[in-house]
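Step one of this worksheet: look at the structure below.
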Amino acid sequence: MNQTAIITGASSGIGLALALEMGHQGYNLGLTARRTDRLQALAEQLKAMPSMAGRQVEWAAMDVQKTAEVPKAMAQLIGRFPQVDIVVANAGANQLTGVGKGQLAEQLDMIQTNLLGAVATVDAAAEYFRARKAGHIVGISSLASLTPIPKQAAYCATKAGFSMYLDASAIELQRYNIHVTKILPGFVKTDIVDNMEQFPFLVPAEQAAREMLQHIRKRRNTGVVPGYPWRALKPLLASMPRGMWRYIKM
């Protein structure tokens, strides 16, 4: 049987790129996001791919900010497939925010989406996989979980929290034959943040998606994207001098 993956936040950015990459590889796909017009267009694009002939594509509206609704929405989408093998908790938000600059609402909004919504998604996936006694959970965290970035305090906090949740979940769920992969992207060119070109080692979303899928298929515990140069730099991020940020205009 061909593998089936559900991707949250599939209407844009990394989620969209990963859905298209998995479509090229012939996965059955379940897609969720808030913007149903984009989801429907993506589903039609996937169905038109030669590699998706005979494959199943389903989509459903889901807002991970509404955490109480996530379990039901996930269960309904999962129920449209004979079985689901992979759930990718990708839905997220980001924007530059300043601490003490009247942007508390924006910071709390990111926490609701990136941390609470992601936790709700992983928990719903784990419930299904525990009953099935097999499965693969993929969480899209960030290298920002490892180092403080100015004007990204809330974003860094959400990704650090989600990373820890994924790490603890991996230990807890292994007895149920559930594997957890944590993906740590660096700077990826999407429409999530303006002026991304100011950040170092920026890569297109398509390249990031290809590398992510390699990590997923190999069921790695942690995948750093792009591998070069961030795999080598990853151990240094936690102790990176704060002064280096003066050279990056934000």
Side-chain angles (χ1 to χ4, degrees), residues 7-18 32-39 61-70 73 88-123 139-167 182-205 208 225 230 233-234 236-250:
I7 305 171
T8 70
S11 63
S12 62
I14 287 174
L16 171 63
L18 186 57
T32 78
R34 292 178 299 174
R35 294 173 287 190
T36 56
D37 55 334
R38 293 194 178 192
L39 278 181
M62 186 175 79
D63 183 353
V64 298
Q65 281 206 341
K66 300 176 181 178
T67 53
E69 299 177 9
V70 169
V88 182
N90 163 75
N94 193 10
Q95 69 179 96
L96 300 180
T97 56
V99 177
K101 294 184 69 175
Q103 294 180 295
L104 177 61
E106 289 87 342
Q107 294 179 78
L108 295 180
D109 187 73
M110 273 191 281
I111 291 170
Q112 184 70 26
T113 299
N114 295 357
L115 182 55
L116 303 187
V119 166
T121 302
V122 170
D123 188 78
I140 308 300
S141 183
S142 172
L143 285 170
S145 66
L146 303 176
T147 189
I149 302 174
K151 298 186 181 179
Q152 291 275 266
Y155 181 76
C156 291
T158 64
K159 292 304 185 178
F162 187 40
S163 282
M164 186 59 71
Y165 188 82
L166 291 169
D167 291 343
K182 176 177 65 179
I183 302 291
L184 300 176
F187 298 112
V188 179
K189 176 62 176 174
T190 69
D191 58 3
I192 195 170
V193 174
D194 294 331
N195 301 318
M196 286 292 292
E197 289 77 8
Q198 66 188 303
F199 295 107
F201 313 120
L202 184 70
V203 297
V225 175
W230 291 115
L233 296 176
K234 177 175 173 283
L236 305 176
L237 289 176
S239 56
M240 185 173 66
R242 294 182 182 178
M244 73 153 288
W245 289 106
R246 74 184 62 170
Y247 302 106
I248 299 177
K249 295 180 181 181
M250 299 181 65

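In this text the structure is predicted, and so the values were computed from the model without any measurement.
In this structure, OG in Ser145 is found 6.0 Å from NZ in Lys182, a value given to the nearest 0.5 Å. Distance check, rounded to the nearest 0.5 Å: OG1 of Thr113 to OH of Tyr155 gives 11.5 Å. The distance from atom CD1 of Ile7 to atom CD1 of Ile140, rounded to the nearest 0.5 Å, is 9.0 Å. To the nearest 0.5 Å, the span separating OG1 on Thr67 from CD on Glu69 amounts to 9.0 Å. The CG atom of Leu116 lies 9.0 Å from the CD atom of Gln65; values are rounded to the nearest 0.5 Å.
The minimum heavy-atom distance linking Thr158 with Ile111 is given by the pair CG2-CA, 3.5 Å. Taking all atoms of both residues into account, the shortest heavy-atom contact from Leu184 to Ser142 is CD2-O, 3.4 Å. When all heavy atoms of Leu166 and Gly139 are compared, the closest pair comes out as CD1-CA, 3.8 Å. Residue Gly13 comes nearest to Ala205 through the heavy atom pair O-CB, 4.4 Å, listed as atom of the first residue, atom of the second, then distance. In plain terms, the two heavy atoms of Leu143 and Gly186 that are nearest each other are CD1-CA, 3.7 Å.
With sequence neighbours excluded, no residue satisfies salt bridge (charged side-chain N to carboxylate O under 4.0 Å, His left out) with Asp109.
Checked by atom type and distance alone, the side chain of Lys159 never pairs as donor or acceptor with a backbone atom of Leu146 at under 3.5 Å. At distances below 3.5 Å, at least one donor-acceptor pair connects side-chain atoms of Thr8 with backbone N or O atoms of Ala91. Looking only at distances, a side-chain donor or acceptor of Gln152 sits under 3.5 Å from a matching main-chain atom of Gln95.
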Only pairs under 3.5 Å count here: list side-chain donor-acceptor contacts from residues 97-106, not counting sequence neighbours, and write none if there are none.
from	atom 1	to	atom 2	distance (Å)
Gln103	OE1	Gly98	N	2.6

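Proximity of Phe162 to Val122: side-chain heavy atoms (C-beta onward) are separated by under 4.5 Å at one or more points.
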**Message:** Is there a side-chain contact (heavy atoms from CB on, under 4.5 Å) between Val64 and Met62? Walk through the geometry before answering.
**Reply:** CA-CA 6 Å; Val64 298; Met62 186 175 79; 3.8 Å; yes
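Partner of Ile14 under the side-chain contact (heavy atoms from CB on, under 4.5 Å) criterion, chosen from Val88, Val225, Asn90, Ile183: Asn90.
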